[in-house]
Amino acid sequence: MLITTPAASRKAVIAACRPVPEERRIVTVLFVDIVGSTRLVERLDPEDVRALQRAYFGTVASVLRRWRGVVEKYVGDAVMALFGASGSDGLDAYRAVRAGLDIQAALERRRPAGIRLRVRVGVATGEVLLDLAGVRDGGHGAASGAVITTAARLQEHAPPGGVVVCPVTRSAVAGLVEQRPLATLTLAGKALPLDVWRVTGTAGSRPARHRVPLVGRRRELASAADEVTRALRERRPRWISLVGPPGSGRSRLLHEVTRAVSRVDGVPVRRRVTACPPYPCGELAPVADLVRPRPDGSVADGPGGGVLAAFLAAPDDDAVAATAVAACREALLGLAADAPVVVAVDDLDRAAPALRRFLHQLHVAAGERGLPLAVVTTCGSGSADPLPAPARRIPVEPLGPLDTGRLLRHLLDRAGRPAALAARLVALVGGSPAVATAYVTADPAGEPGGVPAAARRLVDARLDRLDGTHRAVLLAGAARSGPVVAASVEAMLGWSAGRADPVLRALAAAGLIRQVTADGWTVDALVARVAAMRLSRAVRADFARRLRVAKDTAADPVPGAGSVPSRGAGEREVCPLGAGRSRRSGGGARPAPVPPDRPDGSDALRPVPGQPIRAGALRAVPGRPGQPVRAGPATGGATRTVADAAERSRWRSSPSPAVTAWRARQTDPSPVVTRWNERRTGPPGRVGRNRRRTEPGGQALGLAA
């Protein structure tokens with residue numbers, strides 16, 4: 001059934017999205033459709049058709065909801081869903097593929113109305129323009145882009161009961177699912193043929209392979225290895241947690257820690273390593289790798305050998321795993337009684353609560369028995385899970401510029417690319433080994449915005465962990481080149497003064513920006529690229545318009561002062577009261593000369609609003625309201641501002657004798673002033689160099705070329 005969102009909820013979403021109501025995002029699109037639906041409907045009664053449709057749509061929607069997919073629309077019997085639209089975790093493509101597999105299994109189990117439904121599933125990943133307020137179940141038209149058509153065409157060519165993916169999706173889920181290539185397809189509307197793959201199932205929990213040497217982690221490696229050695233030698237189990245963000249190289253460090261401690265007091269150390277895949281099929285499935293026999297002959301076997309054998313045969317079955325928990329724990333404790341054991345678990349922040357409880361109980365039991373056992377895990381920076389004592393958290397920080405350059409040069413050498421590229425990539429990598437590997441192994445020229453897909457997934461996940469306010473400030477900062485200033489961000493977002501500064505400081509604490517001047521910030525290079533790629537043309541234009549309006553408002557001149565432009569550097573200053581006197585100006589601070597023949601009746605010697613008066617340039621007139629007067633011979637070194645309307649009126653009605661004499665000369669100018677005016681204007685149709693051209697009425701237009 002079509003799921004809708006109330007109008008009041010949409011208004012709330014729109015209000016939260018402003019002033020960034022739309023974004024360009026990388027999403028994964030899933031299309032699912034029934035095979036042979038036309039023939040099926042023709043032989044059924046309409047009431048049976050309705051019951052079948054409700055069961056089918058209900059099953060599909062429940063699976064999509066469980067995998068955090070958003071049902072964008074229903075097209076006949078087809079369902080279109082978006083993954084990564086409401087927020088990315090870097091695993092959007094994987095969740096979409098798993099949803100496609102689960103839809104097949106759920107329909108096979110349910111068989112609505114006793115009918116076996118077979119469906120085709122197509123999955124494609126690409127860029128779309130997303131209406132943030134429309135991202136909800138039933139939000140028809142929320143996404144626009146060619147990837148939607150690609151997913152629909154893939155679904156048409158998928159085999160019955162199969163899940164087919166595009167090359168981008170295949171790369172995003174490599175190592176997480178089992179895939180096999182299909183024949184190259186020529187899709188309708190596509191100029192080039194497309195390579196496709198069929199997903200046959202999920203991959204087991206396998207530790208990642210590391211072919212890159214460890215760079216810049218000597219201190220962390222030494223600390224972790226020392227903790228492991230002490231635990232095994234003293235027979236006092238310890239828990240060592242390597243904490244760092246995704247892409248920081250924490251998995252690589254875990255691999256080196258397990259290899260660094262190979263023997264303790266001459267006794268070989270047994271290593272039991274597993275990894276937690278994202279969204280595992282079984283809560284205790286990674287435990288199977290810990291108790292499975294190893295090529296070195298070490299077998300984790302305990303009292304429940306038959307139970308262990310059943311668990312190893314079906315590790316994804318939670319019912320079987322629940323009965324084998326005690327046997328698995330006793331098997332590992334038995335190994336530790338014979339020789340030191342290191343239990344290493346990668347990506348523990350992905351693990352189910354049952355797996356965490358298993359590891360805690362194993363650690364406590366080993367401590368009670370005094371066994372040589374150490375538990376080493378990796379998790380994200382935001383993990384706050386309590387660790388059983390004794391425990392040690394070792395942070396895995398980003399690499400420094402020197403270590404990043406060393407890593408890049410090694411990767412470039414292995415890839416056969418020039419080492420000179422390392423200098424250009426250091427700023428973009430930002431100390432992340434995963435991003436460095438993505439830039440070297442991928443071709444950024446073929447990626448949108450020149451950012452590899454793997455690197456963009458990492459940054460997108462970081463951006464989507466921010467709330468709407470912090471993300472809006474980051475997007476506004478990325479829209480401008482140069483340092484980010486709080487006042488400019490507030491103008492672009494339409495905020496009141498002072499609202500952006502605490503948000504900028506919070507972004508700096510998160511490592512997304514850094515302060516470069518007293519009031520200026522700069523966005524991390526890669527984060528700025530990805531954030532700028534999210535901005536649509538309409539949002540960019542709106543930001544530019546708001547910023548332009550704010551600048552115009554701040555620079556709005558005082559009424560009556562617009563006819564006197566300021567003089568630029570290098571222009572020649574000509575004094576109307578001293579014909580023939582001129583001197584070269586060193587800057588634009590001195591006010592421009594005022595034509596002596598101004599017909600508007602204003603006093604040419606009066607200071608121009610908004611223009612400073614240099615010492616000796618013009619005689620300061622006492623009592624001029626609202627105008628600052630700089631120190632000079634006439635002011636005795638004082639700087640003052642008078643804001644009294646009565647003083648202004650009195651000054652105009654009773655000008656000084658010098659002003660009165662100057663006004664009289666305008667009516668009957670002296671020969672000197674007359675010659676100065678002739679040299680100033682020149683013959684008709686010709687304007688001399690460094691002479692001001694005027695319109696009738698004395699309005700200055702600028703300098704001649």
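Source: prediction; values computed, not measured. Scope of the values below: all heavy atoms of this structure, side chains included, with no hydrogens, waters or symmetry mates.
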Looking only at heavy atoms, the pair that brings A85 and L130 closest together is O-CD2, 3.3 Å

So OG1 of T59 and CG of L107: to nearest 0.5 Å the spacing works out to 5.5 Å

Using residues 34-42 as the side-chain source, report each donor-acceptor pair under 3.5 Å to any protein atom, sequence neighbours left out, with the distance given to one decimal.
| unit_1 | atom_1 | unit_2 | atom_2 | d |
| --- | --- | --- | --- | --- |
| S37 | OG | D77 | OD2 | 3.1 |

For residues W239 and L359, determine if any side-chain heavy atom of one lies less than 4.5 Å from a side-chain heavy atom of the other.
-> yes

Exactly one candidate in D460, D464, D131 meets salt bridge (charged side-chain N to carboxylate O under 4.0 Å, His left out) with R25; the answer is D464

d(L253 CG, L242 CG) to nearest 0.5 Å is 5.0 Å

Residue pairs passing the side chain to side chain donor-acceptor pair (under 3.5 Å) test with at least one member in residues 164-176, sequence neighbours excluded, are T125-T169

- Item | Close side-chain approach of V70 to F83, heavy-atom, < 4.5 Å | no

Any side-chain heavy-atom pair from L474 and L463 closer than 4.5 angstrom?
yes

| field | Residue pair V165, V196: steps toward the side chain to side chain contact (heavy atoms under 4.5 Å, CB included) verdict | value | CA-CA 6 Å; V165 299; V196 297; over 6 Å; no

Under-4.0 Å salt bridge between D349 and R250: yes

### Message
Between T28 and A124 (side chain of the first, backbone of the second, donor and acceptor by atom type, cut-off under 3.5 Å), is there such a pair?
### Response
no

Exercise. Does F31 reach the side chain of L154, with side-chain heavy atoms less than 4.5 Å apart?
Worked result: no

**Asked** Do L117 and L52 have side-chain heavy atoms sitting under 4.5 Å apart?
**Response** yes

Name every donor-acceptor pair, under 3.5 Å, that has one atom in a side chain of residues 89-103 and the other anywhere in the protein, sequence neighbours excluded.
| unit_1 | atom_1 | unit_2 | atom_2 | d |
| --- | --- | --- | --- | --- |
| D89 | OD1 | L91 | N | 2.9 |
| D89 | OD2 | R68 | NH1 | 3.4 |
| D89 | OD2 | R95 | NE | 3.4 |
| D89 | OD2 | Y279 | OH | 2.7 |
| D92 | OD1 | R95 | NH2 | 2.5 |
| D92 | OD2 | S88 | OG | 2.8 |
| Y94 | OH | R98 | NH1 | 2.7 |
| Y94 | OH | P278 | O | 3.1 |
| R95 | NH1 | W67 | O | 3.0 |
| R95 | NH1 | R68 | O | 3.4 |
| R98 | NH1 | Y279 | O | 2.8 |
| D102 | OD2 | R66 | NH2 | 3.3 |
| D102 | OD2 | W67 | NE1 | 2.8 |

Scanning both residues in full, the closest heavy-atom pair of V291 with R272 reads C-NH1, 3.9 Å

CA sep, side-chain torsions, deciding dist, call: V325, F311, side chain to side chain contact (heavy atoms under 4.5 Å, CB included): CA-CA 9 Å; V325 168; F311 173 58; over 6 Å; no

Closest non-hydrogen contact found for M533 with R540 is N-NH2, 4.5 Å

Closest heavy-atom pair, P193 versus T186, reported as atoms and distance to 0.1 Å, is CB-OG1, 4.1 Å

- request: Would you indicate whether the side-chain heavy atoms of D346 and C276 approach each other to under 4.5 Å?
  value: no

Between the SG atom in C328 and the CG atom in L308, the distance rounded to the nearest 0.5 Å is 5.0 Å

- Can you tell me if S432 uses its side chain to pair, donor with acceptor, with the backbone of V429 under 3.5 Å? no

Main chain of D347, side chain of T378: is a donor-acceptor contact present, judged purely on distance under 3.5 Å? yes

Contacts satisfying salt bridge (Lys or Arg N to Asp or Glu O under 4.0 Å) that involve residues 144-168 (not counting sequence neighbours) are R153-E156

Check the pair R180 / L182 against side chain to side chain contact (heavy atoms under 4.5 Å, CB included), numbers first and verdict last.
CA-CA 7 Å; R180 60 182 182 85; L182 297 179; 3.8 Å; yes

(Q) Is it true that S536 and R24 share a donor-acceptor pair across their side chains at a distance under 3.5 Å? (A) no

Heavy atoms of A506 and H470 approach each other most closely as CB-NE2, 3.6 Å

Test log, rule side chain to side chain donor-acceptor pair (under 3.5 Å), inputs R198 and Q179 = CA-CA 6 Å; R198 179 177 180 178; Q179 308 176 71; over 6 Å; no

When rounded to the nearest 0.5 Å, the distance separating CZ of R252 from OG1 of T437 is 10.5 Å

Check whether any side-chain heavy atom of V539 sits under 4.5 Å from a side-chain heavy atom of P21, and report yes or no.
yes

d(R537 CZ, E22 CD) to nearest 0.5 Å is 10.0 Å

N/O donor-acceptor pair under 3.5 Å between R471 side chain and L466 backbone: yes

So salt bridge (Lys or Arg N to Asp or Glu O under 4.0 Å) across residues 317-327, not counting sequence neighbours, yields none

The reported gap from CG in L458 to CG in L526 (rounded to nearest 0.5 angstrom) is 8.5 Å

Which of V376, V375, L387 passes side chain to side chain contact (heavy atoms under 4.5 Å, CB included) with S241? Answer is L387

Q. Within a strict 4.5 Å, meaning less than it, do heavy atoms of the Q104 and R118 side chains meet?
A. no

Please step through side chain to side chain contact (heavy atoms under 4.5 Å, CB included) for the pair V123 and V29, ending with a clear verdict.
CA-CA 6 Å; V123 181; V29 184; over 6 Å; no

Minimal heavy-atom distance between A510 and R462, with the atoms involved, is O-NH2, 3.5 Å

Could you tell me whether the side chain of E283 and the main chain of P353 form a donor-acceptor pair under 3.5 Å?
no

Could you give the side-chain donor-acceptor pairs of residues 144-152 under 3.5 Å, partners two or more places apart or in another chain?
| unit_1 | atom_1 | unit_2 | atom_2 | d |
| --- | --- | --- | --- | --- |
| T150 | OG1 | A146 | O | 3.2 |
| T150 | OG1 | K190 | NZ | 2.8 |

